[in-house]
Amino acid sequence: MLAVLVRRLLNVVPTIAAVVALVFLLFSVLPGSFISGMNEDGRTTIDPAVMERMRKEMGLDDPLAERFVKYLGRTAIGDLGTSFRTREPVTKLIADRLWPSLKLTFAAMLFAIAIGVPLGFVAALKQGSVLDTASMVGAISGLSLPKFWLGLMLMYLFALQLKWLPSFGYGDGGLRHLTLPAIALGVSPMALLARTTRAAVLDVLNADFVRTARSKGMGESRVVTWHVMRNALVLVVTTIGLQFGSLMGQAVVVEKLFSWPGVGSLLVDSVFQRDIPAVQGCILLIVFFFLAINTLIDLAYVLIDPRIRYG
Amino acid sequence: TPRRGGTIRMTAPYGASMGSLDPHVTPRAQDDILGKALHRTLFNWDSANKKLVLELATSVTASADGLVHTFKLRDDAYFHNGRKMTADDIIFSYTRIMDGSKGYPAARYIRVIKGAVDVEKNQAKEISGLRKIDDTTLEITITDRVDPAYYFFAGSTAILPREEVEKGNFAANPVGLGPFRFKEHIPGSRVVATRWDKFYKPGKPYADTFVLQIMAEAAARDLAFRSKEIDTSILGPAQYVAYRADPELSKGVMEVAEMFTRAMVLNPSFKPFSDKRVRQAINHAIDTDLIIKRLVKDKAYRATSWLPLSSPAYDKALKPYAFDPDKAKKLLAEAGYPDGFEFELTTSQNESWGLPIVEAMIPYLARVGIKVKPKLVEVTVLTEIAMKGEHQAYIGSNLTGPDSLATLRCFYSKTPRTACNYSSFNNPAFDKLLDEAAQSGDMAKRNDLLRQANLLVQDEAPVWFFNYNKAVMAYQPWIHGLQANPTEITHQYVEDIWIDERSPAK
Amino acid sequence: MADALLELDDLAVHYQVGSRFQGGVKALKAVDGITLDVKPGECLGLVGESGCGKSTLALAIMGLVAPTRGVIRLEGRALGARPDRMETARTVQMVFQDPYASLNPRQTVRRTLADPLRLHGVGDKAEIEARVADMMARVGLRPEHADRYPHEFSGGQRQRIGIARALILRPKLVICDEPVSALDVSIRAQIINLLMELKDELGLAYIVISHDLGVVEHVSDRVAVMYLGRIVERGGWREIFENPRHPYTRALIAAIPDPFRRSAATADRKARGEIASALDPPPGCHFHPRCPLRADVCATQAPALEPIADGHLAACHFRDRTG
Amino acid sequence: MKGGTSLWVGGGLVGLAVLVGVLAPWIHLTDPVLAANLMNAEIPPGREFPFGTDAQGRDIYSRIVHGARISLTVGVISQIANTLIGVTLGLTAGYWGGWWDDLVSGLTNLMLAIPSLIFALAIMAILGPGLTSLLIALGLTSWSYSCRIARAQALSLKSQGYVQAARILGYGDLRIMFTQLLPNMLGPLIVIATLGMGGAILAEATLSFLGLGIRPPYPSWGSMLSEARDQITTAPWLSVFPGLAIFFTVLGLNLLGDGLRDILDPQSVARRT
Amino acid sequence: MTTPLLEVRDLRIALDAGGRSHDAVGNVSFSIGRGETFGLVGESGCGKSITALSIMGLLRSPLSLAGGAIALDGREIQDLPAADMRRLRGKRIAMIFQEPMTALNPLSPVGRQIAEMFVLHERASWKEAWERAEDALRQVRVPSPERRVHDYPHQLSGGMRQRVMIAIALACGPDLLVADEPTTALDVTVQAEIVDLMAELCAAKGTAVLMISHDLGLVANMCERVAVMYAGRIVESQAADAIFAHPRHPYTQGLIGSLPLLSARSRHGRQKLREISGVVPSIVAYPPGCRFNPRCPAMTDICARDVPMAESLPDGGLVRCHHHG
Ligand SMILES: Nc1ncnc2c1ncn2[C@@H]1O[C@H](COP(=O)(O)OP(=O)(O)OP(=O)(O)O)[C@@H](O)[C@H]1O
Ligand SMILES: Nc1ncnc2c1ncn2[C@@H]1O[C@H](COP(=O)(O)OP(=O)(O)OP(=O)(O)O)[C@@H](O)[C@H]1O
Ligand SMILES: [Mg+2]
Ligand SMILES: [Mg+2]
């Protein structure tokens, strides 16, 4: 377990380093500047003299290499810089958004797992049935819709027509406000999970050891609970990890649509306002989340798969 | 009679987050929606009478040369921390804004005060033009003969209490003089403020709570408004039509001619646009009225020239360019472009003055032989391009009020491109008119001169005059006391707003 | 005595396995000090159980894995660290075990056979045609098969294509790695017979790798028995099968069920226990944990491969004890 | 679901979209850009305008037909780019191994860790909206899947008998990669590319939503859908038709990918028979 | 005559492929007495495994039982309700599979996989079942069983895993053990050990064995009677000694002649191996008449026309050939 963790962490370090560098370089060539970004709504005129001074103040006119080195140094000690826009530390900006973001991603993933995995299971066990066909067509449909469109439809249906749930916003951060954005975000991983689970269960059902189990005189339900489930899980866990890890990044659209105060909407806003330190911070967080989730998944493997535990 | 209590639920429609809750830091219109609730400025816009009025002072007297203004300050204004406002707070706030190392956006207004620039350049610690007579009397010396009201009413010149600012982290705990005191901010989602009982207007504010929901997505706002989760919403053209057509919703639609002029700015350094006839031809070639009627759904007023409707120097008799493709063709032929030409038009995605308008212009210009290559950029980049003059033409929205002189200064030859002379306008006759207007102390005379200047701009056609914005706000039947503010419709004086029992938010 | 076509001198191939973070890197001694030679026209049988390093040896000879130590000499020339693959290709070729995996599913037979010729500078179209046709006829494929894809053939036919591919460059030595073990029982004889015919017609030398002692006995002139990377016994086929001197060889022979003789008779020669892992071979004689003759010395000293009679060598402390 | 059905249904839907795209110049009724007539603005679907008109008075049917070209171009070109990058890196990494493999694997992990939407967002912000930038943004950001597949395939194929045989016959590395490995890994790569096309079309819509879509005035389905979203309650047909076009095309691509997986992946064939 | 333990009569197994039904196995009849070891040989794809699976009642789509009867102790079991069949499986008929690598659940300790048998069939508690699993491992001579019960399959070598499979199969003392190529995947020396172990344990428990293999030598060596299958039919069945000494069917003859048997060369010198021409037919294209006819040296017109009947041989065997010699 520890060995896996250590190995994983050693692998993660260069990835993070590369991301840090990449993010810096990408955004240092971004056209437009945060000052013109203040005019996002087109309703503000800015004083050019101020602009010049601020550029200098923020070191934007320094040579790229110099800025890069400074940036690396700061990032290494966990200082993500100061937001151009709010003039607060980026770490604080992100910290404010972290909890809602985590809530949304976890809720979406929970939804995806709670619906997708059982659906895939049932579809596989009833392979070829109407239920199977219907759930798989449904799953593929879920993958074929733009998220913002799906979100609008959910709002329209559940908030405007049925009046069951609020259409937007964070509210008290509770379930009522969380439900719709979580579903909008969770549908595509749900669909993917349903499909992977189905394929995984079919794979396992065709495995030799399942035939062995049947030859022992085991009933189908026991075969499934004793031998199929865990083995299928091993195959599904990777998908869960990849989906889960990238969810925070995918949340951009949903957060924007539902006014959910997550890192994704901060990121988009910051991109449009050219608040480069904030953008860099957000991306680092999203990458970090991805790597953390996948490290956890690796550890989960160790728990459920003895071949890795003793390998 | 206004009911006390309840919650005002307004929306911030222009971006997915607030810039900063420190009013000095942010120049954004959206942030000022909140600013109106939390903070106060020396002057304020009175929407009912369409003029600027004193807010934190009870009277002002000007010296004979019009440069020294003595303000008698309110003595009943309390900061949310309970302390009474004094002249020191104004001096502190204006001095803070002039901190050159921070580049606060309102510096451009405060610079009008004598000695402010020295502070900005770090040559002085104090602004010499600010003098405290006593706690409630303040003397401000300015550098030009201008109406100080235009300079001290912007939200970014709000008066802040020194002790709170110096605690640091002011943006997280803003303290001001406004009718509501800050309660919580969930970045990216909403800001909540509660009634400030020691607010200086007796009996106000009415509501207990003020909530500002951040909702940049028009579609989401529409759905939320219809499901009664918000009290006000800004409408785009499509929804404007729908709301007006709806028997229920149409009762809650407020319109105002905002002081924004939408126009396609033509860059004279692009050869064809250096010829006045070409610029006029463009104005003739496009059926602007039809675009406004059908595409913008009448959610705008036809622009005749640069000055907007609510501008003091607006000329009601002025006729816009007529839609006349034949004349346009003739003008083009005269200018040496009988077969037209091609140009690149930089635009943003904005639904009222961006891409959709461009798409509607394309066929019209095509009919007179002019080919348009649209170039879509973000607003951020648009501003940048306009300032650098890298465009052949761009279409945008320009803040044009309420000071007509300041507005027309955008065509003054000495105004740099970066400070809004985006069309590099250079016309001696115009400069002369403007100089005279600036000298003149007589308001009527000044307005007359400005009217002539405005006419000249129309004839020169440095831009395609499109429209003046008609801002439309939808509101729920239970919200009362909204004002039609032509500087920015979302800027409401929340102390005057009250909510009746029908509100689902109570 | 003719000069050897192939000589191996103390050849060893060690694989690096494991990772730095998990248990550390270990050397897997797949082939560990093998000395062998093959003469022109001769067939050398190589037997041993799974994982003992037979295929690795073959790959090393083909230059596909780099030897860790030792020398490979082809017709007297030592192959360097970067052997000339083209030259080697024209001297030694290989037939693979799995006729299904060893043909490119997206190439016709013609391309499979003609491409190597082109690559090796036979530019003349007509000559290529002729050589392909000739080779197909030799291995018993009809000319109309030339434009078919592998999936259109049965296992036996595929193996014929594999043999044709190995022979198309007219090599002198062919290594056959389990040439029949993946084939249907009733097909095997066809392929064995074909291999023997081709050997005589073209004067080929073979190394036939197999774990089927019947096949090895049938085809070999000389036999080498491998166990965990080492040769434990080698000699002429008759000596090995009639007078095996290494207990492992005896155990192998005893393990083959003889339909004419019930197994009770050979029970005492059988090996017991599991084959050790090549990663962690037992000390001394690798075979000692399973050996019926095991003595203390076996666990400490590795016996050398030493002659018993002319051309018959065994690596056993008790090589002189018969039966 | 039977592989056959999804293959045919998916193939049919995609085929239809391609056909529409190819025939666009002949089957659209009016010019999707210049034929704007504000007098016709926002007419609901009817006889004259089967899909209705938009706020500019342009025929939505014509715009959908034309949009097929752009949306499919986005899907196809970006996937070709992704596949080329992914295969080049993955194939060489899997075949050669060593430090190059380590490097490529690291790069792949990096690309996986940064969500491709965000990567694309950054690239679009840098290059500015437009078709070319979109192609670059989508074509450079999601090659990690094909790279992984190509690498895994190369790793498993290189120990196959025929690859070894080729080496023994003296084939050079490049020749082996091109003639022996590549043709045999096309199956799964095509599947990935097909699914990726759907992803790219959706990504284009999403970027449009975020304001970083395709250069006007020529329409893509994504930009049409995103423009129409403000009128969901007032002029639903504006979003219904591009929405359906995207939905059915992406659905088709997904089904096609699934179906292809079934016929190209021998494992699932075994499962079916 | 006593009823045999297992009697298979006229077994037919259909394979659905591409909408058509193929006769994968047909006319298969044999019987196994109590404690007897019966061998079934034939080359790959001839239908041995599906015959075994049909006895276990484990045929799954696209394969199905299309006719015939399977009787255990005189009671026909082919149509038993699923629950009854389940009770027989494992308890009275057990099976060992070919691939020891994949036949065990990789995520479950081997002890548990054995213990399941006691829990399923003898209502033992898990605790008791684990203890008995350890005993079972000891019986199949796995060294230090008390440690090994907790091991996972990947920690065991192929031979060990096959021992575990044997322990599972014999856990409840079945009357019949169906061993489907139990040693094919193992090394020769290990194979010999496993075969011996199986024979020994079955003899001790009086378990009858249906031994399936493609290795004639192995089967003849182990079994009392042997049946040879070709293309879904049993073509010959005889006592083990007799089948080598006097093969009656041309296929059996060809098979024996084509194998390079050990010490054949030392005895007779190198002879060209006898070839069986042609290839094994595919299941979708079995030839009419005698299915061996395209490859048969003695083929005549009738062979291509009529399916040969099984004929009894004087010394108790059966052969299915128009021209058996
Ligand atoms: N590329 C490799 N990397 C690491 N170990 C390897 C590699 N190839 C083979 N080995 C190991 O080397 C040993 C010898 O393998 P080799 O394939 O030569 O055996 P073999 O005698 O041909 O066996 P078989 O009869 O199963 O083909 C085995 O333990 C195997 O696991
Ligand atoms: N699940 C299945 N689906 C389709 N065909 C099958 C299936 N199982 C078996 N078959 C076919 O039935 C025939 C008999 O198969 P079976 O597994 O019984 O052969 P076998 O004699 O056991 O061969 P082997 O020696 O390879 O194990 C073969 O042609 C095989 O292709
Ligand atoms: Mg091998
Ligand atoms: Mg079988």
Side-chain angles (χ1 to χ4, degrees), chain A residues 1 4 117 121 123-130 132-133 197 200-238 240 297-311, chain E residues 49 52-53 55-61 82-110 112-122 150-156 161 164-165 168-169 171-172 174 177-180 185:
Chain A
M1 189 101 178
V4 174
V117 172
F121 240 99
L125 294 179
K126 306 260 177 244
Q127 192 194 3
S129 70
V130 179
D132 179 22
T133 313
T197 308
V201 172
L202 283 182
D203 256 3
V204 176
L205 280 176
N206 281 293
D208 283 355
F209 64 82
V210 170
R211 195 177 54 184
T212 305
R214 292 199 181 107
S215 82
K216 287 173 171 179
M218 214 176 270
E220 247 349 79
S221 61
R222 272 206 183 133
V223 170
V224 170
T225 48
W226 287 7
H227 292 284
V228 176
M229 272 197 331
R230 233 167 95 126
N231 279 282
L233 195 63
V234 173
L235 300 175
V236 173
V237 159
T238 315
I240 292 185
I297 291 292
D298 277 7
L299 294 183
Y301 263 125
V302 175
L303 286 183
I304 51 182
D305 194 340
R307 283 168 293 191
I308 296 178
R309 202 181 320 160
Y310 298 96
Chain E
S49 295
L53 288 176
I55 294 171
M56 297 296 294
L58 286 176
L59 286 181
R60 320 202 88 223
S61 141
D84 294 349
M85 192 63 212
R86 207 152 64 218
R87 247 167 265 132
L88 285 184
R89 235 184 267 144
K91 176 95 177 136
R92 297 205 51 206
I93 334 171
M95 186 158 175
I96 303 177
F97 297 96
Q98 175 168 353
E99 270 299 327
M101 299 298 170
T102 54
L104 292 170
N105 183 346
L107 302 188
S108 179
V110 293
R112 167 162 172 135
Q113 299 189 50
I114 303 172
E116 277 172 6
M117 292 297 282
F118 304 118
V119 174
L120 282 170
H121 293 292
E122 300 182 2
H150 300 292
D151 278 0
Y152 290 88
H154 75 275
Q155 292 167 286
L156 304 178
R161 280 182 235 187
V164 172
M165 275 306 296
I168 292 176
C172 296
L177 174 67
V178 180
D180 186 2

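Lettering of chains follows the sequences in order, A, B, ..., and the numbering in each one begins at 1.
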So, the part of Leu53(E) with a heavy atom under 4.5 Å from chain A: the answer is side chain
Arg161(E) side chain to Pro153(E) backbone, donor-acceptor under 3.5 Å | yes
Ranked by heavy-atom pairs below 4.5 Å to chain A, first place among Ile96(E), Leu58(E), Ile93(E), Leu88(E) goes to Leu58(E)
Counting heavy-atom pairs under 4.5 Å with chain A, the top scorer among Arg60(E), Met56(E), Met95(E), Lys91(E) is Arg60(E)
message: When you measure from the side chain of Arg89(E) to the backbone of Lys216(A), do you find a donor-acceptor pair of N or O atoms at a distance under 3.5 Å?
response: no
Value for OG1 (Thr197(A)) from CE (Met229(A)), rounded to nearest 0.5 Å, stands at 12.0 Å
Residue set satisfying side-chain hydrogen bond (donor to acceptor under 3.5 Å, both in side chains) with Asn105(E), at least two apart, ordered chain then number -> His227(A), Asn231(A)
Applying a strict 4.5 Å limit to non-hydrogen atoms, the region of Gln113(E) in contact with chain A is both
Applying a strict 4.5 Å limit to non-hydrogen atoms, the region of Ala103(E) in contact with chain A is both
Cut-off 4.5 Å, heavy atoms of chain A, and the answer for Ile168(E) is side chain
Cut-off 4.5 Å, heavy atoms of chain A, and the answer for Met101(E) is neither
Separation between OG (Ser215(A)) and CE (Met165(E)), nearest 0.5 Å, reads 6.0 Å
Applying a strict 4.5 Å limit to non-hydrogen atoms, the region of Val234(A) in contact with chain E is side chain
(message) Between the side chains of Glu116(E) and Arg222(A), is the shortest nitrogen-to-carboxylate-oxygen separation below 4.0 Å, so that they form an ion pair?
(response) no
